[in-house]
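Input: a single structure, listed below in structure tokens.
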Amino acid sequence: MFFLTTAIDYTNGSPHIGHAYEKVLADVIARYHRLTGEEVYFLTGVDQHGQKVQQTAEKEGVSPEEFVKRTTGKFSRLWTKLGVEYDGWAETTDVRHKACVQSILSNLYTKDQIYRKSYKGHYSVRQEQFLTDRDRDATGNFGPEWGEVTEIEEENYYFKLSEHTDWLKSFLEGPLETILPAFRKTELLNAIDRNTGTDLCISRPKERLRWGIEIPFDANFVTYVWFDALINYISFIGFTPDSSLPVFDDVWTDRPVHIIGKDIMVPAHGIYWFAILHALGFTDEKMPQLLVHGWWNIRGEKMSKSLGNIVDPDQLADTFGTEALRYYLVRDIHTGKDSDFDLDRLVMLYNTELANELGNLCNRALNMSQRFTDGIISPGGPLTADDTNLQQSLIDTTAAYRKAMDNHEISQGLEALNRHVVHCNQYAERMKPWELNKNLQSKDRLATVLHHLAESVAHCAVLLSPILPGAAVKLASQLNLATLSKLKLDDLKWGLIPLHHEINPPTPVFPRIEVKAVEET
RNA sequence: CGCGGGAUGGAGUAGUCAGGUAACUCGUCAGGCUCAUAACCUGAAGAUCGUAGGUUCAAAUCCUGCUCCCGCAACCA
């Protein structure tokens, strides 16, 4: 089973473009793996506990329960809108999750992995947090932004993180590929070196924070949000068996992939999570891989002069359509790196690659079949070098696409696909089916050419389906090939279209986005 | 010397791990085609690959110094 997760989003506000990116990326990867024939379990959800939620709820005069219910809806509705299809949904206030966290805490407590100790430090009442030396200003004092700072002593529970750092270092330096892309590994190893000898405080006294999971062996404390949140990756697939959840061993069969942003690799996932799993007895071969993605930077004023200032993914989907947004989010960023979010580029990439190249190819190919051969696709006469070259291009493209997608490099996969689209347009230009149609003697040749184009459209529809499921369905429908959506990658061999198959009349699948129309919205 | 990433034609990026003709998209200019969503195709101009050195027959790519940009720096969800 291919088990894939995203970070669970903190329900303290509305989803932004970065949240949307991560979920779309995960959805594309999940759909791709389904296309390869693998069994997939895709888990995503929301993180609902913690101080920030408690504070914001208080500020708005509602209970934390009501507040998270409201914000959670914003996330789940957006994923539906964007076509993000997950198998499991994690909410950390779920009783099943609470039970699992508490059972893990008890387990680790029994195994002497959790202990109680007192900590003395500078505490900011206004910010409700302990301060460290890094929070001091240039003069070595705590600035006015912290309000009243007092030195207090507090008892808390600690997880023996330090007992696992030696293992973690050797594990990361070992042969198993764990951090993707690889350049992030150095950063993590450095962080571990700095961390050596420090344990992790996993409790918060209830006087300060009530919105959390109670520590099972001490009712005066709740669980630190990160310890709570990370456990969602196992609690919602039945780590603590529950009839309403999957069977854990069926889902976590080998190495899951956690998709996370670069901001939460250190320390949460790269250190805490690996240490927790290690403490729970997970072997190296079962340790997750972290797919660490970059950020979308918003390019300030330059960004939206011509199009209006929209960064809310919900609104973007309304304005440009979910397929255009999905395409842009995985097309204009190389997985792992940062990119600038730019509406002009969204429109440009959609219009160029989807409307002009792919969409127009499909439209002209199917339209010619409709007009010249009554919508019937037949193999025609003997093949020429041009035909076999096109078939070879399709084989090469599929191979390059698979290689890129296996490495989670969606943009490269799409580049491969686009190369074949260009090849097809060039082919059409050289073969000139509109000329062939004028001469009765070349009817066989015409059929062959149109067959090659239609066959290419069918292949492209399948290859595109993880990224743009909606467009794939439309293309399949225009080809009158409902079976297309059931195909796996290995089925992609020449001959998807049956002999003398009749297609439906085409309509543009990717209508151009007109900037003028956008400006009016 | 805190850590990591980045600097490549007008714009945005790939290529750097495994040195060997500088690639792609947009934009610009010129042509062609007419099946198609004013789409498609062909050609051209435009880069001494941040900077100064070094290694090499050969450096965008390896090594060293420097400059500038971005993010992070761990009870701060």
Side-chain angles (χ1 to χ4, degrees), chain A residues 7-12 47-55 92 119 121 123-124 127-132 134-135 146 154 156 158 181-195 198-204 209 212 224-226 228-229 262-268 270-272 294-295 297 331-334 336-340 342 344-345 348-349 351-357 359-372 411-412 415 418-419 422 424-437 449-450 453 506-512 514:
Chain A
I8 52 175
D9 300 313
Y10 198 57
T11 52
N12 189 35
D47 178 13
Q48 301 167 310
H49 285 130
Q51 191 163 276
K52 283 256 165 85
V53 163
Q54 181 177 302
Q55 285 171 346
T92 53
Y119 176 83
Y123 185 76
S124 158
Q127 295 292 328
E128 299 193 46
Q129 62 175 251
F130 278 103
L131 304 179
T132 71
R134 284 188 311 278
D135 297 316
W146 300 110
E154 189 175 278
N156 265 307
Y158 287 78
F183 71 79
R184 296 252 175 236
K185 188 165 86 174
T186 322
E187 198 178 343
L188 179 54
L189 284 169
N190 285 328
I192 294 167
D193 279 341
R194 272 176 275 130
N195 184 61
T198 312
D199 285 336
L200 173 66
C201 179
I202 55 147
S203 69
R204 294 290 180 277
L209 176 66
Y224 170 47
V225 279
W226 262 123
D228 165 358
K262 62 178 187 176
D263 56 325
I264 55 174
M265 177 181 77
V266 176
I271 301 178
Y272 302 163
W295 281 123
N297 301 315
R331 175 67 183 89
D332 204 28
I333 193 166
H334 280 76
K337 298 197 172 182
D338 290 355
S339 192
D340 268 319
D342 184 332
D344 292 330
R345 283 188 62 77
M348 185 274 278
L349 284 167
N351 280 346
T352 303
E353 297 182 351
L354 290 181
N356 295 355
E357 290 176 3
N360 183 55
L361 170 71
C362 298
N363 199 235
R364 68 194 299 207
L366 302 188
N367 193 62
M368 280 190 280
S369 295
Q370 204 60 238
R371 288 181 53 182
F372 302 161
S411 58
Q412 287 179 18
E415 277 172 25
N418 290 338
R419 274 197 296 277
V422 169
C424 287
N425 276 322
Q426 292 167 336
Y427 172 84
E429 218 59 42
R430 268 199 320 276
M431 297 303 106
K432 301 194 192 334
W434 50 91
E435 290 286 333
L436 296 172
N437 183 52
V449 169
L450 293 180
L453 291 175
T507 47
V509 173
F510 304 106
R512 286 180 62 88
E514 300 300 334

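The model shown is predicted, which means the values in this text are computed figures rather than measured ones. These values consider heavy atoms only, across backbone and side chains, with no hydrogens, waters or symmetry-generated copies. All chains are named by letter (A, B, ...) in the order of the sequence lines, taking the proteins before the strands, and each is independently numbered beginning at 1.
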Legend entry - Sidechain N-carboxylate O distance under 4.0 Å for A:K262, A:D338: yes
Legend entry - RNA chain B: 5'-proximal contact among A:V266 and A:R184 (nearest heavy atom): A:R184
Inset, instruction - Look at all strands and tell whether A:H334 reaches a base, only sugar-phosphate, or nothing, counting heavy atoms closer than 4.0 Å. - result: sugar-phosphate
Inset, instruction - State plainly whether the residues A:E429 and A:R364 are in salt-bridge range, i.e. N to O under 4.0 Å. - result: yes
Inset, instruction - Looking at every strand, decide which applies to A:R430 at a 4.0 Å heavy-atom threshold: base, sugar-phosphate, or nothing. - result: nothing
Legend entry - A:G359 or A:V422, whichever maps to the more 5' nucleotide of RNA chain B: A:G359
Inset, instruction - With heavy atoms under 4.0 Å as the rule, sort A:V509 into base, sugar-phosphate or nothing. - result: base
Inset, instruction - Indicate, with a heavy-atom threshold strictly under 4.0 Å, whether A:N190 touches base, sugar-phosphate, or nothing. - result: sugar-phosphate
Legend entry - Integer-rounded Å distance: B:C26 P and A:D332 CG: 13 Å
Inset, instruction - Would you mind classifying the nucleic acid contact of A:E435 as base, sugar-phosphate or nothing, using non-hydrogen atoms under 4.0 angstrom? - result: sugar-phosphate
Inset, instruction - Whole angstrom is fine here: how far is it from CD in A:E353 over to C1' in B:U37? - result: 16 Å
Legend entry - Interatomic distance where CD1 belongs to A:I192 and C1' belongs to B:G2 [whole Å]: 17 Å
Legend entry - Evaluation steps, side-chain contact (heavy atoms from CB on, under 4.5 Å), between A:D47 and A:T11: CA-CA 6 Å; A:D47 178 13; A:T11 52; over 6 Å; no
Inset, instruction - Kindly say if A:Q426 contacts the phosphate of B:U42, meaning a side-chain N or O under 4.0 Å from OP1 or OP2. - result: yes
Inset, instruction - Please work out if A:I271 contacts a base, only the sugar-phosphate, or nothing of the nucleic acid, heavy-atom cut-off 4.0 Å. - result: base
Inset, instruction - Using a 4.5 Å cut-off on heavy atoms from C-beta on, say whether the side chain of A:R331 contacts that of A:N418. - result: yes
Inset, instruction - With heavy atoms under 4.0 Å as the rule, sort A:Y224 into base, sugar-phosphate or nothing. - result: sugar-phosphate
Legend entry - Nearest to side-chain heavy atoms of A:R371, which nucleotide of B:A36, B:C75, B:G4: B:A36
Inset, instruction - Determine the contact category for A:N356: base if any of its heavy atoms lies under 4.0 Å from a base atom, sugar-phosphate if only primed atoms, P, OP1 or OP2 are that close, otherwise nothing. - result: sugar-phosphate
